[in-house]
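Computed from heavy atoms alone, side chains included, the values below leave out hydrogens, waters and symmetry copies. Just so we're on the same page: letters track the sequence lines, and every chain starts at 1.
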Protein chains: 4
Amino acid sequence: MEFDSTRPIYLQIIDVIKKQIIRGELKPGDKVLSQRDFAEKIRVNPNTVQRAYKEMESMSILETIRGQGTFICNRPEMLKEIKAEMANEILTTFISDMRSLGFETDEIRDIVNSSLKGE
Amino acid sequence: MEFDSTRPIYLQIIDVIKKQIIRGELKPGDKVLSQRDFAEKIRVNPNTVQRAYKEMESMSILETIRGQGTFICNRPEMLKEIKAEMANEILTTFISDMRSLGFETDEIRDIVNSSLKGE
Amino acid sequence: MEFDSTRPIYLQIIDVIKKQIIRGELKPGDKVLSQRDFAEKIRVNPNTVQRAYKEMESMSILETIRGQGTFICNRPEMLKEIKAEMANEILTTFISDMRSLGFETDEIRDIVNSSLKGE
Amino acid sequence: MEFDSTRPIYLQIIDVIKKQIIRGELKPGDKVLSQRDFAEKIRVNPNTVQRAYKEMESMSILETIRGQGTFICNRPEMLKEIKAEMANEILTTFISDMRSLGFETDEIRDIVNSSLKGE
DNA sequence: GTGGTCTAGACCACA
DNA sequence: GTGGTCTAGACCACA
């Protein structure tokens with residue numbers, strides 16, 4: 001796996017897993033790779049994977065059973081929450097990028113609306 | 001300078017210069033650093049800078065006068081063009097990111113509009 | 001500082017700081033030692049201190065300002081919350097210790113009440 | 001076996017044996033491990049075991065018969081005594097911990113009573 | 001100087 | 001085999 005050097009790896013790992021959940025490649029209850037195996041697969045230190053897993057535990061996306069492994073939480077609202085969260089991040093980035101080019105709120109709205117009209 | 005390892009550096013250099021033009025840090029007619037000096041400053045290979053400069057020449061953003069150096073073009077519409085171009089890139093990224101999360105055109109529009117409403 | 005080898009050091013660091021807050025030795029707004037300085041003082045690795053600090057950030061006990069340091073949060077309810085938390089831990093330990101000796105709920109209550117009567 | 005580095009090991013050994021008696025894992029009249037064997041099993045110096053055994057002899061919990069070994073005393077009140085002793089230790093620790101948090105006698109009583117009410 | 005991220009790797013607890 | 005804790009130490013970002 002290739003990482004963007006401008007963002008912490010553990011945050012990128014979180015995004016990867018979130019996306020897999022959204023796409024249904026990982027389902028509630030599924031076991032994820034062990035810290036060691038995942039670390040080996042993506043060529044990072046196990047501590048970095050652990051950090052990502054811990055962070056996701058605190059978001060109630062993953063849950064860990066000691067000695068057994070780490071699993072996708074089984075909460076019905078989870079998928080919706082993750083989508084909303086990620087959408088919000090993407091939106092925030094978009095708006096701040098546009099503003100940094102000097103666009104005002106109305107202009108941003110118009111650009112988006114006219115761009116989506118034809119589709 | 002820090003580069004995102006997932007995109008070619010010359011494209012990132014182009015973006016940096018475009019942004020400086022938009023922000024007025026570089027004005028039409030200004031001389032830019034020589035390829036050699038710029039390369040040294042941002043610690044990249046001079047060939048990489050050359051590629052970025054060439055690309056921008058073909059976009060009529062830079063022009064090189066032999067024996068004198070490289071300058072920001074003095075075209076009245078340039079700034080507007082650059083803004084539109086960059087806005088388009090940002091918008092395209094935004095829409096494709098949202099679609100990859102499973103959002104439909106209507107949903108994207110609604111999310112943007114409601115997010116910009118309060119501001 | 002001396003640590004009890006049966007509990008993770010970072011948890012013991014958390015307890016130490018909580019107690020200092022309860023005793024008023026650390027007041028809301030106070031700067032705590034830097035990760036490095038504290039680590040050196042108590043002879044542990046800076047990462048271990050960082051872990052304790054992070055954990056306390058997530059409890060809203062500490063807050064970190066990058067490049068400046070780490071500070072005790074300035075929340076009016078904080079002291080009360082910490083006391084309640086620690087009291088609860090102590091109480092839980094007490095009750096489970098008593099139960100492991102074979103005491104029933106009523107017996108525990110009686111023992112406590114009669115012990116506190118004379119004081 | 002794991003020891004808490006903040007308390008003398010011989011006291012911790014005493015606690016372990018007392019608990020085994022309370023739980024019925026060791027019965028009056030049972031032979032306990034020889035000092036040498038016990039020391040080897042829990043990886044401590046034989047002198048440490050000796051000190052624990054001596055202490056328990058003086059409490060009439062163990063008795064040593066020369067040439068035969070060391071045995072759990074066969075006194076009917078022993079189990080009760082041990083439970084009372086240990087309960088007292090636990091209680092004392094609890095009350096002093098609560099006081100060090102700033103709780104008054106009445107508060108401690110209330111906290112315990114209300115905590116045990118629901119159970 | 002301060003915190004943030006990451007690696008390499010040791011050793012432990014739980015099952 | 002799995003996660004949990006910890007050390008030693010590198011290098012970076014922010015101020």
Side-chain angles (χ1 to χ4, degrees), chain A residues 1-17 29-73, chain B residues 1-6 42-43, chain C residues 1-17 29-73, chain D residues 1-6 42-43:
Chain A
M1 196 172 309
E2 198 177 335
F3 293 105
D4 169 349
S5 66
T6 60
R7 288 185 67 216
I9 294 174
Y10 78 95
L11 291 179
Q12 298 183 54
I13 293 173
I14 292 175
D15 278 352
V16 165
I17 294 176
D30 278 2
K31 191 179 180 190
V32 297
L33 286 178
S34 78
Q35 295 177 5
R36 279 168 181 72
D37 288 351
F38 197 18
E40 201 175 329
K41 187 181 166 198
I42 63 176
R43 305 269 193 81
V44 301
N45 189 285
N47 286 330
T48 303
V49 173
Q50 188 178 47
R51 178 153 191 192
Y53 280 14
K54 282 243 151 148
E55 200 84 8
M56 282 189 281
E57 264 184 77
S58 76
M59 304 176 195
S60 301
I61 294 176
L62 295 182
E63 58 189 337
T64 282
I65 303 176
R66 229 222 235 217
Q68 292 199 35
T70 303
F71 303 83
I72 309 285
C73 283
Chain B
M1 196 171 313
E2 197 179 335
F3 295 103
D4 170 349
S5 64
T6 61
I42 63 176
R43 306 266 191 82
Chain C
M1 197 171 314
E2 199 177 334
F3 293 104
D4 168 351
S5 65
T6 60
R7 287 186 68 215
I9 294 174
Y10 78 95
L11 291 179
Q12 298 183 55
I13 292 173
I14 292 176
D15 278 353
V16 166
I17 293 176
D30 278 3
K31 190 179 181 189
V32 298
L33 286 178
S34 78
Q35 296 177 4
R36 278 168 181 75
D37 288 350
F38 198 17
E40 201 174 331
K41 188 182 165 198
I42 63 176
R43 305 269 193 80
V44 301
N45 188 284
N47 286 329
T48 303
V49 174
Q50 187 179 48
R51 179 156 191 191
Y53 280 14
K54 281 243 153 147
E55 199 86 6
M56 281 188 281
E57 265 185 76
S58 76
M59 302 175 195
S60 301
I61 294 176
L62 296 182
E63 59 190 336
T64 282
I65 303 177
R66 229 221 236 216
Q68 291 199 38
T70 303
F71 303 83
I72 309 285
C73 283
Chain D
M1 195 172 312
E2 195 178 338
F3 294 103
D4 171 348
S5 64
T6 60
I42 63 175
R43 308 264 191 84

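- Remark: Asp30(A) engages no residue in a side chain to side chain donor-acceptor pair (under 3.5 Å) (not counting sequence neighbours).
- The phosphate of dG3(F) (OP1 or OP2) has a side-chain N or O of Thr70(A) nearer than 4.0 angstrom.
- We find that CD1 of Ile65(C) is positioned 16 Å from C1' of dA13(F), with the value rounded to whole Å.
- Looking at Lys31(A), its side chain does come within 3.5 Å of a backbone N or O of Gln68(A) through a donor-acceptor pair.
- Counting to the nearest Å, the C1' atom of dG3(E) and the CG atom of Leu33(C) are 14 Å from each other.
- Whole-Å rounding puts the Phe3(A) CZ to dC12(F) C1' distance at 18 Å.
- Helical stems of DNA chain F (runs of at least 3 Watson-Crick or G-U pairs, donor-acceptor distances under 3.5 Å) are listed by first residue: E:1-14 with F:1-14.
- A donor-acceptor contact shorter than 3.5 Å links the side chain of Gln12(A) to the backbone of Asp4(A).
- With distances taken from any side-chain atom of Ile9(A) to the nucleotides dT7(E), dG3(F), dC14(F), the minimum falls on dT7(E).
- Thr64(C) pairs by the side chain to side chain donor-acceptor pair (under 3.5 Å) definition with Glu57(C), Thr70(C), not counting sequence neighbours.
- When each of dC14(F), dC6(E), dT2(F) is scored by its nearest atom to the side-chain atoms of Ser34(A), the top-ranked nucleotide is dT2(F).
- In this structure, Gln12(A) and Gly69(C) both approach DNA chain E, and ranking their closest nucleotides by distance from the 5' end singles out Gly69(C).
- Under the side chain to side chain donor-acceptor pair (under 3.5 Å) criterion, Glu40(C) pairs with no residue at all, not counting sequence neighbours.
- Of the residues in residues 39-54 of chain C, those with a non-hydrogen atom less than 4.0 angstrom from any atom of DNA chain E are Asn47(C), Gln50(C), Lys54(C).
- If you measure from atom CD of Glu57(C) to atom C1' of dG3(E), you get 9 Å, rounded to the nearest angstrom.
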Side chain to side chain contact (heavy atoms under 4.5 Å, CB included) evaluation trace for Met59(A) with Ile14(A): CA-CA 11 Å; Met59(A) 304 176 195; Ile14(A) 292 175; 4.1 Å; yes

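- Counting to the nearest Å, the C1' atom of dC6(E) and the CG atom of Leu11(A) are 13 Å from each other.
- Remark: P of dT7(E) and CD of Gln35(A) are 14 Å apart, rounded to the nearest angstrom.
- An OP1 or OP2 oxygen of dT5(F) is reached within less than 4.0 angstrom by a side-chain nitrogen or oxygen of Tyr10(C).
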Residues Phe71(A), Ile65(A); criterion side chain to side chain contact (heavy atoms under 4.5 Å, CB included); working and verdict: CA-CA 8 Å; Phe71(A) 303 83; Ile65(A) 303 176; 4.1 Å; yes

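- Remark: the Arg36(A) side chain and the dG1(F) base include no donor-acceptor N/O pair separated by less than 3.5 Å.
- Straight-line distance from the CZ atom of Arg7(C) to the P atom of dG4(F): 17 Å, rounded to whole Å.
- The side chain to side chain contact (heavy atoms under 4.5 Å, CB included) check on Lys54(A) picks up Gln50(A), Arg51(C), with sequence neighbours excluded.
- In this structure, CD1 in Ile72(C) is found 5.0 Å from CG in Leu62(C), a value given to the nearest 0.5 Å.
- Rounded to an integer number of Å, the gap from CG of Asp37(C) to P of dG1(E) is 10 Å.
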